[in-house]
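One structure is given below, encoded as structure tokens.
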Amino acid sequence: MPIPTEVVGSLPRPQYLQKAYADYDAGKIKQDELVKAQDKAAEDSVQKMSQTGEVLLTDGEQRASSFATYPIIDTLGGAGLASNLAADGQYFAIFDDGHHRQLPRLTSGPLKYKTYAYDNFKKSVGYSKGTGHSMKTAVIAPSMLYLLYPLNGTVEGYSKEKFVEDLVAECEKDIRGCFEAGAKRVSIDFTEGRLASKKDPRNPWTGADLLKTFVDLNNKVLAKFSAKERENIGIHTCPGGDCDSVHSGEVPYSNLLPSLFAMNAGYFLIQLASEKDKTSIYQQIGKSIRRDANGVKQVAFIGVTNPLNPEVETAEQVAGDLVEAARYISKDQLGATDDCGFSPFSIDVKPKHGSPDFAREVAMKKIKARG
């Protein structure tokens, strides 16, 4: 059997789509014009990825308002919040270059998704016909949306217990809907995992020891699925990848492992290519990964390409990482992935490494080298 390989999900958005988003939010174009640009970019993403040899294709998340907040955004362009959210929530992350991403604050219940990942997936799944490939998609972790509820407060008439109950139900619905729409795999974005151990005084939730809370919450969702279903549900972890910057790269992986593998998912997409001491992390993975996670043998897909670096890895470099990792991780539990998605959401920030269209070309070359 070959070593399995899988893309995380996102791709850089082409220049014409970034302009369409900006024009729509500014009231310069109508909704149907934005949708046309989204459709064009999504189909192009699927077709170009099929030419790289990637096993499972994605639409590059060209339609998502944000990988984290797509469930709670009302407007197509991502400019408006649902009516029971306020804009003054806590920071999700403060990145190394100083920019930050802020979450909304829940003001009333119940929590209900406005958009599901399967809504966008259904629009793109047909693009794979004729390619000979199936498709995957990604959803946001319930642990990320847990941060919508005030850290040290309550929401009048809506207890945290009821909020968690609703959150688990909505995330289960999101995942099931993706499978029902034809996705072969669904990965859960869990970038907050490593950040939970940073203890950044500028960002209070990171000092609240929430990692166990996050793991337990994600397991509540995973418990809704059979062992056979969980074989195709993954967890993605990374130290962030936004505007060419990270939020928790200095946090040792030992702070996250083995808690990561305490989640009963079937596979894990793990940022590693950009780590300085990869071998020690391979060792930690080998010791922590489980052969029986409530009926599922876990597989660790190690990052072998770095989306934040425009230099394209060679197939030989990828092979070298996998051979080294196989010294510590059983080969039947080893796979290859990219460190992160290829960051399509930095619409308002000029890329450091050329145009968005150039970035798309680089992403496809990296995916091909990994394959």
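Quick caveat, the model's predicted, so the values are computed rather than measured.
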**Asked** What distance separates Arg185 CZ from Glu231 CD, expressed to the nearest 0.5 Å?
**Response** 9.0 Å
**Prompt:** Is the side chain of Lys366 donor-acceptor paired with the backbone N or O of Glu311 at a distance under 3.5 Å, no angle test?
**Reply:** yes
**Prompt:** Do Lys224 and Cys171 come close enough that some side-chain heavy atom pair is under 4.5 Å?
**Reply:** no
**Prompt:** So, Asn218 versus Ser143: side-chain donor-acceptor pair below 3.5 Å or not?
**Reply:** yes
**Asked** Are any side-chain N or O atoms of Ser10 and backbone N or O atoms of Phe342, one a donor and one an acceptor, separated by less than 3.5 Å?
**Response** yes
**Item:** Flag, side chain of Asp339 to backbone of Ala273, donor-acceptor distance under 3.5 Å
**Value:** yes
**Request:** Could you tell me whether the side chain of Arg230 and the main chain of Ala223 form a donor-acceptor pair under 3.5 Å?
**Result:** no
**Step-by-step side-chain hydrogen bond (donor to acceptor under 3.5 Å, both in side chains) determination, Tyr267 to Glu6** = CA-CA 11 Å; Tyr267 69 99; Glu6 183 169 326; 2.7 Å; yes
**Request:** Look at the side chain of Glu313 and the backbone N and O of Ala369, then say whether any donor-acceptor pair between them is shorter than 3.5 Å.
**Result:** no
**Message:** Does Gln38 form a side chain to side chain contact (heavy atoms under 4.5 Å, CB included) with Leu17? I'd like the steps, not just the answer.
**Reply:** CA-CA 7 Å; Gln38 289 176 323; Leu17 180 57; 3.9 Å; yes
**Distance, nearest 0.5 Å, that separates CG of Leu85 from CG of Leu111** = 8.0 Å
**Asked** Just how far is it from atom CG of Asp321 to atom CD of Gln317, taken to the nearest 0.5 Å?
**Response** 8.0 Å
**Asked** Given Lys287 and Tyr328, is the side chain to side chain contact (heavy atoms under 4.5 Å, CB included) satisfied, shown in steps?
**Response** CA-CA 8 Å; Lys287 292 176 181 178; Tyr328 309 101; over 6 Å; no
**Asked** Are Tyr127 and Val55 grouped together when hydrophobic residues (ILVMFWY) are joined by side-chain heavy atoms under 4.5 angstrom apart?
**Response** no
**Message:** Set out, in order, the CA-CA distance, both residues' side-chain angles and the distance that settles side-chain hydrogen bond (donor to acceptor under 3.5 Å, both in side chains) for Thr279 and Glu324, then state yes or no.
**Reply:** CA-CA 7 Å; Thr279 296; Glu324 175 67 9; 3.0 Å; yes
**Parallel, tilted or perpendicular, as decided by the 30° and 60° cut-offs, for the rings of Tyr149 and Phe163** = tilted
**Item:** Worked verdict on Lys162 versus Asp166 for salt bridge (charged side-chain N to carboxylate O under 4.0 Å, His left out)
**Value:** CA-CA 6 Å; Lys162 178 58 177 170; Asp166 290 343; 3.3 Å; yes
**Prompt:** Under 4.5 Å between any side-chain heavy atoms of Leu103 and Met144, yes or no?
**Reply:** yes
**Prompt:** Stepwise, does the salt bridge (charged side-chain N to carboxylate O under 4.0 Å, His left out) test hold for Glu54 with Arg370?
**Reply:** CA-CA 9 Å; Glu54 181 65 44; Arg370 168 170 50 75; 2.9 Å; yes
**Message:** Closer than 3.5 angstrom, by distance alone: can the side chain of Thr107 be matched with the main-chain N or O of Asn84 as a donor-acceptor pair?
**Reply:** yes
**Message:** So Ser254 and Gln284, do their side chains get closer than 4.5 Å, heavy atoms only?
**Reply:** yes
**Request:** Quick one: pull up CG in Leu148 and CG in Leu106 and give me the separation to the nearest 0.5 Å.
**Result:** 6.5 Å
Table please: side-chain donor-acceptor pairs of residues 293-305 below 3.5 Å, with sequence neighbours left out.
from	atom 1	to	atom 2	distance (Å)
Lys297	NZ	Asp332	OD2	3.1
Gln298	OE1	Arg290	N	3.0
Gln298	NE2	Phe261	O	3.2
Gln298	NE2	Met263	O	2.9
Thr305	OG1	Asp338	OD1	2.5

**Request:** Supply the atom-to-atom distance Ser197 OG to Leu210 CG, rounded to the nearest 0.5 angstrom.
**Result:** 10.0 Å
**Message:** Taking Ile329 as the starting point, is it possible to reach Leu256 by hopping between hydrophobic residues whose side chains are less than 4.5 Å apart?
**Reply:** yes
**Message:** Ignoring hydrogens and geometry beyond distance, is a side-chain donor-acceptor pair present between Ser45 and Arg360 at under 3.5 Å?
**Reply:** yes
**Asked** Do the ring planes of Tyr116 and Tyr113 sit parallel (below 30°), tilted (30 to 60°) or perpendicular (above 60°)?
**Response** tilted
**Item:** Partners meeting salt bridge (Lys or Arg N to Asp or Glu O under 4.0 Å) with Glu33 (sequence neighbours left out)
**Value:** none
**Asked** Does Thr314 offer a backbone N or O that forms a donor-acceptor pair with the side chain of Glu316 under 3.5 Å?
**Response** no
**Message:** Does the structure place the NZ or CZ of Arg176 under 6.0 Å from the centre of the six-membered ring of Tyr118, at an angle of no more than 45° from the ring's axis?
**Reply:** no
**Request:** Look at Lys212 together with Asp216 and state whether they make a salt bridge at an N to O cut-off of under 4.0 Å.
**Result:** yes
**Minimum heavy-atom distance between Arg63 and Ala42, given as atom pair plus value** = NH1-CB, 3.6 Å
**Fill in**
Rounding to 0.5 Å, atoms CD (Gln51) and CD (Gln47) come to a distance of 7.0 Å
**Prompt:** Looking at residues at least two apart in the chain, or sitting in another chain, which of them share a salt bridge (Lys or Arg N to Asp or Glu O under 4.0 Å) with Asp357?
**Reply:** none
**Message:** Are Lys220 and Pro142 packed together at the side-chain level, in the sense that at least one heavy-atom pair is separated by less than 4.5 angstrom?
**Reply:** no
**Request:** In sequence, state the C-alpha distance, the side-chain angles, and the governing distance for Thr237 and Tyr253, and then conclude on side chain to side chain contact (heavy atoms under 4.5 Å, CB included).
**Result:** CA-CA 10 Å; Thr237 183; Tyr253 256 113; 4.3 Å; yes
**Message:** Can a donor-acceptor pair be found, under 3.5 Å and without considering hydrogens, that links the side chain of Gln102 to the backbone of Gly89?
**Reply:** yes
**NZ or CZ of Lys40 within 45° of Tyr16 ring axis and under 6.0 Å** = yes
**Item:** Side chains of Cys340 and Gln271 in contact at under 4.5 Å (non-hydrogen atoms)
**Value:** no
**Request:** Report the C-alpha distance between Arg202 and Asp200 in whole Å, list the side-chain angles of each, state the deciding distance to 0.1 Å, and finish with yes or no for salt bridge (charged side-chain N to carboxylate O under 4.0 Å, His left out).
**Result:** CA-CA 5 Å; Arg202 301 169 301 171; Asp200 186 341; 2.9 Å; yes
**Asked** Can you check whether Val186's main-chain N or O pairs, donor with acceptor, with Thr137's side chain at less than 3.5 Å?
**Response** no
**Request:** I would like to know whether Thr115 and Ile73 meet side chain to side chain contact (heavy atoms under 4.5 Å, CB included); could you show each step before the answer?
**Result:** CA-CA 7 Å; Thr115 303; Ile73 297 295; 5.9 Å; no
**Asked** Is there a chain of hydrophobic side chains (I, L, V, M, F, W, Y, each step under 4.5 Å between heavy atoms) that links Ile285 to Val8?
**Response** no
**Asked** Is it true that Val46 and Ile367 fall in one hydrophobic cluster, defined by side-chain heavy atoms closer than 4.5 Å?
**Response** yes
**Asked** Do you reckon Leu56 sits in the same ILVMFWY cluster as Met49, going by side-chain contacts under 4.5 Å, direct or chained?
**Response** no
**Name of the residue among Asn255, Asp209, Thr206 meeting side chain to side chain donor-acceptor pair (under 3.5 Å) with Lys199** = Asp209
**Message:** Any side-chain to backbone donor/acceptor pair from Thr154 onto Glu156? Under 3.5 Å, distance only.
**Reply:** no
